[in-house]
Amino acid sequence: MPSKKALVRRPSPRLAEGLVTHIEREKVDTDLAVEQWEAYVEALRTHGWETIEVDPADDCPDSVFVEDTVVMYRNVALIARPGADSRRAETAGVEEAVAGLGCSVNWIWDPGTLEGGDVLKIGDTVYVGRGGRTNAAGVQQLRAAFEPLGARVVAAPVSKVLHLKSAVTALPDGTVIGHIPKMDTPSLFARFLPVPEEAGSHVVLLGGDKLLMAASAPKTAELFADLGYEPVVVDISEFEKLEGCVTCLSVRLRELYT
Ligand SMILES: NC(=O)NCCC[C@H](N)C(=O)O
């Protein structure tokens, strides 16, 4: 049976100092962020995911965005090397967590940089965003790590948003969804559905027809409901102020057969 485990990481007390790159800085309410994070974790649990808390990294403001620190393919955990210097110290705790779960561990090395938010897996196709946080050496190392395992790695330019998955994710049937004004190359994706809101581009597949998505994309939630999906909506306003989205708050481990 495929596993349904998800890594999460409690927000740092320094969350409000997190990086912002493509948006204006807004004041973050850290207490509200903790409440929102707890509700997010509860939504995963309610839908059958066993959540595993990586040891907190209180000195790293962006550590709650755990997705950026590791990329899973089958049972291999590729430890990221964040393009943002202030995020480099986040990976140690994540490496410990995935090793403890029995994953094989591999690493992105200097001069490569890669953040998990730049990697979108659809079946055995692994799209990787080449943008502000992931460089060409990081893309090459991702290919070298995953292609021998059966992945087809497709690189995509990213210039308008932080990460590839800030622009696109995918529905359970593999249809890529994205908000066109934020995309560099919509034509890269063979089956593509445009969505009316930027935050509507981000879904976490909870299983079956259930899609975890942000409260800030009500029109897209309606569109998905009309297509027979079941949106599960969480408010993540405090993380959105730091360019976070629903995908970046967890890493799902679906292929651990231990
Ligand atoms: N995968 C993601 O979308 N991660 C969001 C990271 C936000 C954080 N403030 C950063 O700039 O690194």
Side-chain angles (χ1 to χ4, degrees), residues 6-30 33-34 36-37 40 44 54 56-72 77-91 93-94 108 113-121 126-135 138 142 156 158-170 177-179 182-184 197-205 212-214 216-217 234 236-252:
L7 301 181
V8 291
R9 199 174 214 177
R10 193 163 281 282
S12 154
R14 294 179 52 192
L15 175 72
E17 298 165 50
L19 298 170
V20 284
T21 309
H22 294 268
I23 59 175
E24 292 290 313
R25 184 173 288 281
E26 274 185 75
K27 196 170 162 13
V28 171
D29 178 337
T30 309
V34 171
Q36 292 180 343
W37 180 80
Y40 174 94
L44 290 176
V54 177
D58 285 353
D59 287 338
C60 300
D62 283 305
S63 50
V64 70
F65 303 116
V66 65
E67 166 182 64
D68 294 323
T69 57
V70 62
V71 179
M72 291 300 305
L78 180 62
I79 305 297
R81 184 165 179 272
D85 286 348
S86 67
R87 301 202 58 187
R88 293 261 163 95
E90 293 176 28
T91 57
V94 173
I108 297 290
T113 66
L114 178 133
E115 295 189 3
D118 274 318
V119 181
L120 171 66
K121 284 175 298 174
V126 179
Y127 291 96
V128 55
R130 161 67 182 102
R133 299 287 179 84
T134 294
N135 66 15
L142 179 84
V158 173
S159 66
K160 301 179 183 177
V161 284
L162 186 61
H163 291 125
L164 177 66
K165 273 192 288 189
S166 316
V168 290
T169 59
I177 52 171
H179 186 53
K182 297 292 173 184
M183 295 177 68
D184 283 69
E197 294 141 321
E198 181 177 354
S201 322
H202 317 135
V203 292
V204 173
L205 308 184
L212 185 65
M213 51 186 300
S216 53
V234 285
I236 53 160
S237 63
E238 301 316 289
F239 303 107
E240 289 173 328
K241 291 176 183 170
L242 297 166
E243 288 176 277
C245 42
V246 279
T247 54
C248 58
L249 295 171
S250 60
V251 178
R252 282 159 307 135

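Atoms within a ligand are numbered from 1 in the order they appear, just like the ligands themselves.
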Given Leu15, Val8, Ile236, the one that forms side-chain contact (heavy atoms from CB on, under 4.5 Å) with Trp37: Val8
Residue pair Gly200 / Ile177: nearest heavy atoms and the distance that separates them: O-CD1, 3.7 Å
Ser237 and Gln36 side chains, donor-acceptor separation under 3.5 Å: yes
Atom 7 (C) of ligand 1: nearest protein contact (heavy atom, Å): Leu242 O, 3.1 Å
Per-atom contacts, ligand 1 versus His163 - under 4.0 Å to a heavy atom: 1 (N), 2 (C), 3 (O), 4 (N)
Passing candidate, side-chain contact (heavy atoms from CB on, under 4.5 Å) with Val119, options Leu114, Thr134, Leu164: Leu114
Gly244 versus Cys248, closest heavy-atom pair with distance: CA-SG, 3.6 Å
Leu162, portion touching ligand 1 at heavy-atom distance under 4.0 Å: side chain
Stepwise side-chain contact (heavy atoms from CB on, under 4.5 Å) test for Asp184 and Lys160: CA-CA 7 Å; Asp184 283 69; Lys160 301 179 183 177; 4.0 Å; yes
Close N or O approach (Leu19, ligand 1; < 3.5 Å): yes
Atom 8 (C) of ligand 1: the protein heavy-atom neighbour that sits closest, reported with distance to 0.1 Å: Asp62 OD1, 3.2 Å
Exercise: identify the closest heavy-atom pair between Ala217 and Ala199: CB-C, 3.7 Å
Non-hydrogen atom of Cys245 closer than 4.0 Å to ligand 1: yes
Thr21 N/O to ligand 1 N/O under 3.5 Å: no
Shortest protein heavy-atom distance from atom 5 (C) of ligand 1, along with the residue and atom involved: Glu243 O, 3.4 Å
Atom 4 (N) of ligand 1 - nearest protein heavy atom and its distance: Asp68 OD2, 2.8 Å
Residue of the set Arg9, Arg252, Lys165 for which side chain to side chain donor-acceptor pair (under 3.5 Å) holds with Glu67: Lys165
Closest approach of any protein heavy atom to atom 11 (O) of ligand 1, naming residue and atom: Arg133 NH2, 2.9 Å
Under 4.0 Å to a heavy atom of Gly117 - the qualifying atoms of ligand 1, by number: 1 (N)
Lys165 near ligand 1 by a heavy-atom separation under 4.0 Å: no
Heteroatom distance test (Glu67, ligand 1): nitrogen or oxygen, under 3.5 angstrom: yes
Protein heavy-atom partner closest to atom 2 (C) of ligand 1 - residue, atom, separation in Å: Cys248 CB, 3.0 Å
Non-hydrogen atoms of Gly18 and Pro61 that approach each other most closely: N-CB, 3.6 Å
